[in-house]
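Notes for the one structure printed next.
Just so it is clear: chains get the letters A, B, ... in the order the sequence lines come, proteins before strands, and each one is counted from 1.
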Amino acid sequence: EAGVTQFPSHSVIEKGQTVTLRCDPISGHDNLYWYRRVMGKEIKFLLHFVKESKQDESGMPNNRFLAERTGGTYSTLKVQPAELEDSGVYFCASSQKPSWTGELFFGEGSRLTVL
Amino acid sequence: SQQGEEDPQALSIQEGENATMNCSYKTSINNLQWYRQNSGRGLVHLILIRSNEREKHSGRLRVTLDTSKKSSSLLITASRAADTASYFCATVSSSGNTPLVFGKGTRLSVIA
């Protein structure tokens, strides 16, 4: 069974540019999460999808971030325009049940560097 | 914030020794989970302990939970070089229906 896959693994962009990160969850997992880790800091929650609906987007930092999950399958996270403080590793995770009931399965992350 | 805070931030031990990492949190929880992250890889779930449990074992892992002190510990016995990784605790609020909240992690180095 394929795990959670994320693309790209690493992206380097200039401030003001746009980047789109993609996450393919494990097949059959209705719950999809985005987290971000800025170097040396905690892993912070961004948002939670249940199928195609946003269950909780309380962690999204501002309106430069847009997440979608078309058809309840893969998800994209777009940052437009990117700022220096957006640099970090963006993790996607999926699960059959919500995270408060059990484990999450994480992808390897997309490292974003904004110059 | 119910954010977990791991202690120490970094730990270096010899292969064969035991490694203990601690996690403190601030609010009431439903459960607490430990994850491992190898360098450049994703997080891997290790163990979940519920608020009404005090201790759980999984292989060489032993997790304890003290809800009165709002703390948990992860013990890895007979460590191996392959245990070198970052370890994170994550908490779920007792109010439920909330996402996992992670701490900053403990970086464990096991020297062969």
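- Distance CD/A:Glu103 to CG/B:Leu100: 10.5 Å, rounded to 0.5 Å.
- Of the atoms belonging to B:Arg107, not a single heavy atom falls under 4.5 Å from chain A.
- A salt bridge between A:Glu42 and B:Lys104 is absent, with no side-chain N of the basic residue lying under 4.0 Å from a carboxylate O of the acidic one.
- Enclosure of atom NZ in A:Lys44 is not indicated, since only 12 or fewer non-hydrogen atoms of other residues, nucleotides or ligands lie within 6.0 angstrom.
- Looking at B:Gln37, the atoms closer than 4.5 Å to chain A (heavy atoms on both sides) all sit in the side chain, from C-beta outward.
- Atom CD of B:Gln9 has 12 or fewer neighbouring heavy atoms from other residues, nucleotides or ligands inside a 6.0 Å radius.
- Within the 4.5 Å cutoff, the side chain of B:Tyr35 has no heavy atoms near those of the A:Ile43 side chain.
- Close approach to chain B, defined as a heavy atom under 4.5 Å from one of its heavy atoms, is seen in A:Gln55, A:Asp56 of residues 48-61 of chain A, taken by number.
- For B:Arg80, the CZ atom sits in a loose shell: 12 or fewer heavy atoms of surrounding residues, nucleotides or ligands are nearer than 6.0 Å.
- The local environment of CZ in B:Arg41 is sparse, with at most 12 non-hydrogen atoms from other residues, nucleotides or ligands closer than 6.0 Å.
- For the pair A:Phe91 and B:Leu43, the minimum side-chain heavy-atom distance is below 4.5 Å.
- What you find for A:Tyr35 and B:Pro99 is that their closest heavy atoms are OH-CB, 4.1 Å.
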